[in-house]
Amino acid sequence: MRSVGILTLGCKVNTYESEYVANLLKENGYEIKSFDDICDVYIINTCTVTNTSDIKSRKMIRNAIRKNKDACVIAMGCFIEANKDYNVEGLDIVIGNKDKSKIPSLIDEYFAKRETIRRLYSDDKEEFEDMYITDFIGRTRAFVKIQDGCENFCSYCIIPYVRGKCRSKDKEKVLAEVTNLVNNGYQEIVLTGIHTGNYGVDLNITFAELLKELIKIPGLKRLRISSIEVTELTDEVLEVLKSSNIIVDHLHIPLQAGSNEVLKLMNRKYDLNKYFEIIAKIRKIRPEISITTDVIVGFPGETKEMFDQTIKTCRDLKLTKIHVFPYSERQGTKAMELPNHVAPEEKKLRARKLLEVSKELELNYYKKYLDKEVEVLIEENKDGYSLGHTSNYLHVKIKGDIKPNTFVNVKIKTIEYPYCIGE
C-alpha cells in the first residue's frame with residue numbers, strides 16, 4: 001500500500017479540492033498520512049494570492065523533494081497555473097487547476113515510467129471539473145465546492161487569470177453531495193467557491209434558488225457560506241436568510257477598503273453607500289449577526305487619510321473581525337501599473353493598526369454574550385478542553401472532554417481572547 005501526504009496552502013476551495021484528492025486516493029488503496037511523515041507520494045496544493053503565497057509554495061515543494069528522494073512529488077493548483085514554466089529537480093508531476101481528478105492515474109503513470117509529467121493548458125475552455133466527497137477526514141464541518149472561477153478582475157487580483165471564468169456545479173449534484181455528507185454525520189456544511197455568491201450564473205439559476213433547496217435537506221443543522229460579495233446579497237438571498245435558521249448567524253463579506261477612492265482604484269463593484277445599505281438590511285432581519293470581512297491596506301494611492309477613513313468605516317459598520325492583508329504586488333495585474341505605491345514599512349504599520357481595531361471589535365462582540373447561553377458544535381478535544389464554534393462563529397472552550405460533532409448548550413462565563421470560556 002502506497003502512502004500519501006497532502007499539504008494545502010490558501011483558501012477553502014483548495015481545502016475542499018485536497019480533501020477530494022485524498023478521498024480519491026483512499027478509494028484507490030492509498031494510506032493517507034501526515035505531510036510531515038515519510039511517504040511514497042507528496043502533494044502540494046499551491047496558492048498564489050500573494051507574493052508570500054508564492055514563496056511558501058516554492059518552499060514546501062522543495063521540502064517535499066528533500067523528505068524522500070524516491071517519492072513522487074506533485075505540485076498542483078494556482079501557483080503552478082500562474083507560473084507554468086516553474087520547474088525544479090525532483091518535482092515529478094506538475095498540474096494547474098485542471099486534471100486534479102486524474103491524479104491516481106497520473107501517479108500510476110509516473111511510477112511505471114519514472115518520467116516527469118507536466119499537464120498544463122493555455123486554452124480558455126474551462127468546464128467545471130466535477131468533484132464529489134463523502135468524507136472530510138478528521139473534521140466535523142464539511143466543505144462543498146459549488147463554484148469555480150471569477151470574472152470580477154479586481155485590479156490587485158491574479159485569481160481570475162489562474163482560475164478562469166465562472167462556472168458552477170450542477171444543482172442536483174450539489175444537493176446530492178450535501179445530502180450524502182449529512183447522512184454520513186456532518187451537521188454543518190460550508191458552501192465554498194472562488195466567487196461563491198455568483199453560483200448559477202452559467203446555469204440560469206440563482207444562488208438563492210440553491211439555498212432554498214439546501215435548507216430543506218433533512219438532518220442539516222447548519223449551512224454556512226464561506227464568503228459572499230456584498231453585490232450578491234440580493235433581496236432574494238436576504239429573504240432566505242430571514243426565513244431560515246439553518247443558515248448560520250455569520251456572513252463573511254469582503255470590504256477590501258473603507259474609502260471610495262481606493263475602492264474605485266481596486267475596481268470593486270460597489271461604493272461605501274451600497275455596502276452600508278446592504279449591511280443595514282442584513283441587520284434588520286438578523287440583529288445579532290456576526291459580520292467579518294477582508295481589508296487590504298497600503299494599496300497604491302492609499303493616503304494616510306484614506307487609511308484613517310477605512311478604520312472609521314470598519315468601526316461604523318460594527319464588524320466582528322477584520323482579516324487584514326498588506327497589499328501584495330502581483331505581476332500581470334492592473335494595480336502593478338498604478339502610481340504612488342506605499343512603502344513596505346508603512347504597509348506593515350497600517351496592518352498592525354487595523355489588526356488592533358479588529359481585536360477591539362471582536363472583543364466588543366464577544367462581551368455581548370457574557371452570561372448568555374449559546375449552542376456550540378464541538379469540533380475537537382485539546383489540553384483538557386472541548387473546542388467548537390457557535391452559529392455566529394464565537395470560538396468557545398469548555399472544560400472537559402465532550403464528544404466531537406455534538407451540539408451542547410453553553411453559558412459564556414469569561415473572555416480569554418481569542419476564546420469565549422463557557423460551562
Side-chain angles (χ1 to χ4, degrees), residues 154 156 225-233 238 241 248-328 342 345-372 374 389-396 412 414-420:
C154 299
Y156 53 81
I225 303 162
S226 61
S227 180
I228 186 165
E229 294 288 341
V230 74
T231 50
E232 285 141 15
L233 284 159
L238 295 184
L241 198 65
V248 297
D249 228 9
H250 167 241
L251 287 172
H252 186 81
I253 311 170
L255 173 64
Q256 304 302 13
S259 152
N260 279 329
E261 294 95 329
V262 179
L263 287 173
K264 192 171 182 181
L265 288 170
M266 288 178 165
N267 195 34
R268 297 294 283 171
K269 305 302 188 284
Y270 52 86
D271 61 15
L272 292 182
N273 283 341
K274 179 69 173 176
Y275 197 97
F276 272 92
E277 176 194 326
I278 299 298
I279 299 303
K281 283 184 177 181
I282 295 166
R283 291 225 166 97
K284 191 173 181 181
I285 59 176
R286 293 276 189 105
E288 299 303 317
I289 195 166
S290 168
I291 296 174
T292 57
T293 199
D294 298 329
V295 172
I296 295 169
V297 298
F299 190 79
E302 182 190 64
T303 63
K304 288 185 179 180
E305 292 74 21
M306 291 172 191
F307 173 67
D308 288 342
Q309 176 64 39
T310 288
I311 289 179
K312 183 179 185 305
T313 298
C314 291
R315 284 200 169 111
D316 289 348
L317 286 164
K318 294 183 172 60
L319 299 166
T320 304
K321 185 172 186 173
I322 309 161
H323 297 266
V324 181
F325 302 91
Y327 167 71
S328 179
V342 178
E345 283 308 311
E346 179 62 24
K347 284 192 280 190
K348 287 178 187 174
L349 179 65
R350 292 180 193 181
R352 283 197 297 271
K353 282 185 179 178
L354 196 56
L355 283 168
E356 287 169 11
V357 173
S358 177
K359 184 177 179 180
E360 169 198 316
L361 293 169
E362 202 169 358
L363 283 168
N364 288 344
Y365 188 77
Y366 282 5
K367 285 171 186 174
K368 293 199 288 186
Y369 290 88
L370 281 170
D371 293 320
K372 289 188 178 177
V374 294
H389 285 89
T390 59
S391 166
N392 58 345
Y393 221 58
L394 300 178
H395 202 180
V396 180
I412 303 300
T414 58
I415 310 296
E416 292 180 12
Y417 186 84
Y419 299 105
C420 295

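Reckoned from all heavy atoms, side chains included, excluding hydrogens, waters and symmetry mates. These numbers were taken from a predicted model, which means no experiment stands behind them.
Side-chain atoms of Thr231 and Glu229 form no donor-acceptor pair, as typed in the model, at a separation below 3.5 Å. Judged by distance alone, the side chains of Thr292 and His250 do bring a donor and an acceptor atom under 3.5 Å apart.
The distance from the CG atom of Leu233 to the CD1 atom of Ile253 is 5.0 Å, given to the nearest 0.5 Å. The CG atom of Leu263 sits 6.0 Å away from atom CG of Asn260, with the distance rounded to the nearest 0.5 Å. Here the straight-line distance linking atom CD of Glu302 with atom CD of Gln309 works out to 11.0 Å at 0.5 Å rounding. To the nearest 0.5 angstrom, Ile291 atom CD1 is 12.5 Å from Ile322 atom CD1. Annotation: the span from Cys420 atom SG to Lys372 atom NZ amounts to 12.0 Å, rounded to 0.5 Å. With rounding to the nearest 0.5 Å, the separation of CG in Asn364 from CD1 in Ile415 is 11.0 Å.
Considering Asp249, Thr320, Thr390, Asn392 as possible partners of Ser290, the one that fulfils the side-chain hydrogen bond (donor to acceptor under 3.5 Å, both in side chains) test is Thr320. Of the residues listed (Val297, Thr293, Ile296, Val262), the one engaging Gln256 in a side-chain contact (heavy atoms from CB on, under 4.5 Å) is Ile296, and it is the only one.
Counting only residues at least two apart or in different chains, ring-ring contact (aromatic ring centres under 6.0 Å, His included) contacts with residues 303-325 comprise His252-His323.
When all heavy atoms of Ile225 and Leu251 are compared, the closest pair comes out as CD1-CD2, 4.2 Å. Between Tyr366 and Tyr417 the shortest heavy-atom distance is CE2-CD1, 4.4 Å. When all heavy atoms of Pro326 and Lys347 are compared, the pair lying nearest together is CB-CB, 4.4 Å. Nearest heavy atoms, Gly298 versus Tyr327: O-CB, 3.5 Å.
Enclosure of atom NZ in Lys359 is not indicated, since only 12 or fewer non-hydrogen atoms of other residues, nucleotides or ligands lie within 6.0 angstrom.
Residues passing the ring pair (Phe, Tyr, Trp, His ring centres under 6.0 Å) test with Tyr369 are Tyr365, sequence neighbours excluded. Applying the salt bridge (charged side-chain N to carboxylate O under 4.0 Å, His left out) rule to Glu346 yields the partners Arg350; only residues at least two apart in sequence or on another chain are considered. In this structure, Thr310 has no side-chain hydrogen bond (donor to acceptor under 3.5 Å, both in side chains) partners at least two apart in sequence or on a different chain. Listed by chain and residue number, Glu288 satisfy the salt bridge (charged side-chain N to carboxylate O under 4.0 Å, His left out) test with Lys368 (two or more places apart in sequence, or in another chain). With sequence neighbours excluded, no residue forms a salt bridge (charged side-chain N to carboxylate O under 4.0 Å, His left out) with Asp294.
A donor-acceptor pair under 3.5 Å is formed between the side chain of Lys269 and the backbone N or O of Asn267. No donor-acceptor pair under 3.5 Å is formed between the side chain of Glu360 and the backbone N or O of Glu356.
Relative ring orientation between Tyr275 and Tyr270 is described as tilted, the plane-to-plane angle lying within the 30° to 60° band.
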Next on the checklist: I'd like to know whether Ser358 forms a side chain to side chain donor-acceptor pair (under 3.5 Å) with Glu362, so could you lay out the CA-CA distance, the side-chain angles of the two residues, the decisive distance to 0.1 Å, and finally the verdict.
Outcome noted: CA-CA 6 Å; Ser358 177; Glu362 202 169 358; 4.6 Å; no
Item to check | Check against side chain to side chain contact (heavy atoms under 4.5 Å, CB included), Lys321 and Leu361 | outcome: CA-CA 6 Å; Lys321 185 172 186 173; Leu361 293 169; over 6 Å; no
Checklist entry - Arg352 and Leu355: side chain to side chain contact (heavy atoms under 4.5 Å, CB included), yes or no, with the steps? => result CA-CA 5 Å; Arg352 283 197 297 271; Leu355 283 168; 5.6 Å; no
Checklist entry - Can you list the steps and then say if Thr313 with Ser259 is a side chain to side chain contact (heavy atoms under 4.5 Å, CB included)? => result CA-CA 8 Å; Thr313 298; Ser259 152; over 6 Å; no
Checklist entry - Between Leu265 and Phe299, does a side chain to side chain contact (heavy atoms under 4.5 Å, CB included) hold up when you go through it step by step? => result CA-CA 9 Å; Leu265 288 170; Phe299 190 79; 3.7 Å; yes
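Under a 4.0 Å N-O distance rule, the pair Asp316/Lys312 qualifies as a salt bridge.
Using a 4.5 Å cut-off on side-chain heavy atoms (C-beta onward), Val324 and Val357 make no contact. Looking only at side-chain heavy atoms (C-beta outward), Ile412 and Asp371 stay at 4.5 Å or farther from each other. In this structure, Leu255 and Leu272 have side chains that are in contact, with non-hydrogen atoms separated by less than 4.5 Å.
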